[in-house]
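Lettering of chains follows the sequences in order, A, B, ..., and the numbering in each one begins at 1.
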There are 2 protein chains.
Amino acid sequence: MEERRQAAGSGLRGRYRAQVRDEIKQVALNQLAEGGPQALSLNAVAKTLGVSGPALYRYFGSRDSLLTDLVVDAYHDLAAALEAAVAKEEAGPAERLLALGYAYRAWAVGEPHRYRLLFRAPLHGYDAHSDPLVQASRLAMGVAVDVLTGLGDSGESPASTATRATTLWARLHGLVSLEIEGNFASMGLDPTPLYDAEIGALIEEGRR
Amino acid sequence: MEERRQAAGSGLRGRYRAQVRDEIKQVALNQLAEGGPQALSLNAVAKTLGVSGPALYRYFGSRDSLLTDLVVDAYHDLAAALEAAVAKEEAGPAERLLALGYAYRAWAVGEPHRYRLLFRAPLHGYDAHSDPLVQASRLAMGVAVDVLTGLGDSGESPASTATRATTLWARLHGLVSLEIEGNFASMGLDPTPLYDAEIGALIEEGRR
DNA sequence: CGAATAAGTTAGAGCATATAACTAGTAGAG
DNA sequence: CTCTACTAGTTATATGCTCTAACTTATTCG
């Protein structure tokens with residue numbers, strides 16, 4: 001029996017496997033950045049890598065499986081960026097909240113195709129509420145909750161903290177969504193003051 | 001010469017043409033509601049209508065052309081819903097703003113696939129900044145600007161009004177986006193108080 | 001070495017968009 | 001009424017995609 005199947009990390013074969021998987025994801029991300037999820041084609045990825053067609057199915061069971069992997073990666077990246085931004089220990093709660101907001105924006109503006117991937121994923125046919133996806137999305141949200149827990153009165157109820165975290169999330173998401181689609185640019189508006197105002201208002205609320 | 005080409009509205013032929021176009025769009029919307037833009041297939045639409053394949057190309061030059069038409073229709077519908085909501089003349093500015101916010105939410109929640117169509121359209125490969133699209137999107141925004149113009153101090157600058165309109169739009173879009181993707185439901189949160197709070201805060205700001 | 005396993009190949013099914021060439025029905029001018 | 005021009009629809013086909021199946025080559029490991 002042995003049941004070894006295709007464990008990823010063990011041995012030389014596993015290393016090679018993981019490396020090829022990363023290469024595939026890298027090329028896929030490039031295609032995504034250029035033409036959006038619609039333009040992500042396994043065939044094109046294979047051609048870029050110099051292999052031909054069905055070879056990729058050794059590494060990803062389907063096109064959607066590859067997409068899901070990219071989404072999960074993006075969630076982890078975003079969460080890491082947010083954590084890094086709020087990790088400065090000397091900063092107070094308000095500063096950390098500002099840093100969180102700016103980090104969120106910077107990540108989204110820097111890689112808009114990946115940000116879209118996070119919030120538009122359900123469109124692409126696969127189940128957006130599958131386990132790894134839900135688990136990954138909680139990561140990013142968890143960072144926000146943590147920061148807000150430090151900001152509010154220590155006696156604040158968890159439910160209230162969750163509500164404020166959600167408000168923060170919604171405001172940031174709203175601004176970011178409009179910004180990366182070019183809605184601000186097409187109106188001749190500078191989005192930066194809007195972020196300042198929205199985050200500032202939340203800090204005020206937290207102190208109240 | 002004559003240059004008549006295929007003017008839509010003239011004569012019996014034109015009427016039939018417009019009717020078939022509407023039928024196609026109706027079926028396409030149904031498919032969209034079930035499986036998202038990914039699932040919108042000209043072939044499937046044709047099969048549903050009892051015609052076969054390339055017949056639809058008499059009515060829409062391409063799949064993307066059909067999608068663009070649906071997006072423009074959606075913008076017009078949304079704008080009409082917002083206008084209807086704020087049309088009650090006896091209501092004051094604050095009430096109209098609340099009505100606007102609720103109408104926006106109601107439209108999006110009622111037809112989430114069409115709402116997604118509005119803000120995710122650029123993903124689908126075609127140029128989101130093509131003329132009819134941009135023109136249509138200004139409609140919805142115009143309603144918000146109008147209401148806010150009435151709300152603020154009469155001496156407010158147009159730029160400031162535009163900023164507040166954009167803030168309103170971003171907040172509503174953020175909440176609606178999260179709501180229609182099920183993020184509130186999956187967290188056990190009731191979104192209604194959040195809408196109240198966000199719109200209420202904007203009314204406060206406007207009075208300040 | 002030799003056997004199991006994995007990677008990669010080609011062939012092809014099935015479905016999609018889209019074009020080309022053709023058929024049949026209809027509107028409108030004379 | 002007839003003839004012509006146009007239109008809607010057809011089938012056939014090119015091309016591209018995802019994905020499966022069957023086969024071939026290479027590599028790891030007992």
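Under 3.5 Å, the side chains of A:T192 and A:R105 contain a donor-acceptor pair of N or O atoms.
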Please tabulate the protein-to-nucleotide N/O contacts below 3.5 Å involving nucleotides 17-19 of chain D, giving atom names and distances.
| unit_1 | atom_1 | unit_2 | atom_2 | d |
| --- | --- | --- | --- | --- |
| D:dT18 | OP1 | A:L42 | N | 2.8 |
| D:dT18 | OP2 | A:L42 | N | 3.2 |
| D:dT18 | OP2 | A:N43 | N | 3.0 |
| D:dC19 | OP2 | A:Y57 | OH | 3.1 |
| D:dC19 | OP2 | A:R63 | N | 2.7 |

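With sequence neighbours excluded, the residues forming a salt bridge (charged side-chain N to carboxylate O under 4.0 Å, His left out) with A:D77 are A:R114, listed by chain and number. Judged as a side chain to side chain donor-acceptor pair (under 3.5 Å), and not counting sequence neighbours, A:Y59 has no contacts. Contacts of A:H173 classified as side chain to side chain donor-acceptor pair (under 3.5 Å), with partners at least two apart in sequence or in another chain: A:Y115, A:S177.
Phosphate proximity of D:dG9 to B:Y16: present, with a side-chain N or O under 4.0 Å from OP1 or OP2.
Between B:L56 atom CG and C:dT19 atom C1' there is a gap of 15 Å when expressed in whole angstrom units. Straight-line distance from the CZ atom of A:F60 to the C1' atom of C:dA7: 15 Å, rounded to whole Å. Rounded to whole angstrom, the span from the CZ atom of B:R58 across to the C1' atom of C:dG25 amounts to 13 Å. One interatomic measurement links the two molecules: CG of B:L66 to P of C:dA16, which rounds to 15 Å at whole-angstrom precision. The interatomic distance linking A:R17 (CZ) with D:dT28 (P) rounds to 15 Å, in whole Å. Following rounding to the nearest Å, B:L67 (CG) and C:dT17 (C1') show an atom-to-atom distance of 13 Å.
Sorted pairs that involve residues 29-52 of chain B and meet salt bridge (Lys or Arg N to Asp or Glu O under 4.0 Å), not counting sequence neighbours, are lacking altogether.
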Cut-off 3.5 Å, no hydrogens considered: what does the side-chain donor-acceptor table look like for residues 25-32 of chain A, sequence neighbours left out?
| unit_1 | atom_1 | unit_2 | atom_2 | d |
| --- | --- | --- | --- | --- |
| A:K25 | NZ | A:D69 | OD2 | 3.2 |
| A:K25 | NZ | A:D73 | OD2 | 2.8 |

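Among the protein residues, B:Y59 comes within range of the sugar-phosphate backbone only, with heavy atoms under 4.0 Å from sugar or phosphate atoms but none that close to a base.
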